[in-house]
Structure formats: C-alpha cells, structure tokens
Colleague: 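One structure, pasted below without further comment.
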Amino acid sequence: GICVHPYYLMIPATIACSFAFMLPVATPPNAIVFSYGRIKVFDMAKCGFMLNLGCILVLTFAINTYGVPLYSLDKFPSWATCAAGGVTLGPSALPAGITGLPANVTV
C-alpha cells in the first residue's frame, strides 16, 4: 500500500464528483439550459473543461493547505492499516541513524 491518510484520497475524490460541468446530462441545470436548443454540446464542453480544470487546481491547493491541519492528514491514523509492513511515507520512514542527506552535509 501507499500508506497515506485515507482522507487524503477520499476527500478530493468526493468533492471532485460534483465537478460535472462539461455535458448536458452532467447536472440538472445543464440539462435545462441545453433543452432550450440555443447552445451546442461543444460550447458546453469547451466552457465546462475550463471550469473543471480550474476546480481541480483549487481542490489540489485546498487539500494541501488547509486540508492538512483541518483533517490531520500529516499523521497516519491508528484505525487504518498499512499493508507495507508498517512503513509510512515521510522522514520517519528512514531507519535509525540514516538522515537521508549526502555524506558531506551535516545537520
């Protein structure tokens, strides 16, 4: 496993499910606007792609800034299991005595 906090993957995936802006069948407001016949699918897809791209950028920024302190994403929870033999990502994954720095660099 990758041994990251499960919320770090679940929260963005859940929020991203509401970013359906591209097609007429994506949301009821899209279907209503499309039903008038004055807009084409290509126009909706073009504008929707830009909205989706912007939302993904905002979501990535949000989960990595205020999402970390809000949900304690920097700590692996005790209720989750790590299939990698208890090794978690980050500086604590290094064995004792190894700093991860080159030999000529001291701390």
Side-chain angles (χ1 to χ4, degrees):
I2 58 175
C3 299
V4 297
H5 199 298
Y7 287 174
Y8 190 73
L9 303 173
M10 291 189 297
I11 292 170
T14 303
I15 295 172
C17 288
S18 65
F19 295 162
F21 301 119
M22 289 184 65
L23 299 175
V25 296
T27 63
N30 284 8
I32 292 169
V33 169
F34 186 73
S35 69
Y36 286 104
R38 295 182 181 167
I39 191 166
K40 298 177 183 167
V41 175
F42 178 76
D43 296 331
M44 293 186 81
K46 184 171 55 171
C47 294
F49 179 76
M50 297 308 292
L51 281 170
N52 284 343
L53 188 63
C55 287
I56 289 171
L57 294 173
V58 168
L59 179 61
T60 302
F61 175 77
I63 197 67
N64 288 307
T65 55
Y66 64 81
V68 172
L70 189 63
Y71 296 108
S72 300
L73 298 178
D74 54 343
K75 300 178 192 99
F76 194 75
S78 60
W79 52 265
T81 57
C82 181
V87 177
T88 58
L89 297 176
S92 61
L94 295 173
I98 297 176
T99 63
L101 299 173
N104 60 350
V105 177
T106 58
V107 179

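What you see is a predicted model, and the numbers here were worked out from it, not measured in a lab. Numbers here simply count residues along the sequence, with the first being 1. The analysis underlying the following values was restricted to heavy atoms, covering all of them including side chains, and did not include hydrogens, waters or symmetry mates.
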Colleague: Who are the side-chain contact (heavy atoms from CB on, under 4.5 Å) partners of V41, not counting sequence neighbours?
Modeller: L23, P24, F34
Colleague: Taking side-chain contact (heavy atoms from CB on, under 4.5 Å) as the definition, give me every residue that meets it alongside M50, ordered by chain and number, with sequence neighbours left out.
Modeller: none
Colleague: Could I get the full list of ring-ring contact (aromatic ring centres under 6.0 Å, His included) partners for F21, not counting sequence neighbours?
Modeller: none
Colleague: How many angstroms lie between atom CD1 of I63 and atom CG of L9, to the nearest 0.5 angstrom?
Modeller: 9.5 Å
Colleague: Closest heavy-atom contact between L59 and F19?
Modeller: CD2-CE1, 4.0 Å
Colleague: My understanding is that a hydrophobic cluster links ILVMFWY residues whose side chain heavy atoms are under 4.5 Å apart, including indirect links. Using that, what else belongs to the cluster containing I32?
Modeller: Y36
Colleague: Hey, what's the ring geometry for Y7 with W79, parallel, tilted or perpendicular (30° and 60° as the breaks)?
Modeller: tilted
Colleague: Distance-only criterion, 3.5 Å: show the donor-acceptor pairs between side-chain atoms of residues 64-76 and protein atoms not counting sequence neighbours.
Modeller:
{"from": "N64", "atom 1": "OD1", "to": "Y8", "atom 2": "OH", "distance (Å)": "2.5"}
{"from": "N64", "atom 1": "ND2", "to": "T60", "atom 2": "O", "distance (Å)": "2.9"}
{"from": "T65", "atom 1": "OG1", "to": "F61", "atom 2": "O", "distance (Å)": "2.8"}
{"from": "T65", "atom 1": "OG1", "to": "A62", "atom 2": "O", "distance (Å)": "3.4"}

Colleague: Any side chain to side chain donor-acceptor pair (under 3.5 Å) involving residues 19-33? Give me the pairs, sequence neighbours left out, ordered by first then second residue.
Modeller: T27-N30
Colleague: Which atoms form the tightest heavy-atom contact between P77 and P6, and what is the distance?
Modeller: CG-CD, 3.9 Å
Colleague: Report whether M44 and L51 are members of the same hydrophobic cluster (ILVMFWY, side-chain heavy atoms less than 4.5 Å apart, transitive linking).
Modeller: no
Colleague: Once rounded to the nearest 0.5 Å, what's the spacing between atom NE2 of H5 and atom CD1 of I11?
Modeller: 8.0 Å
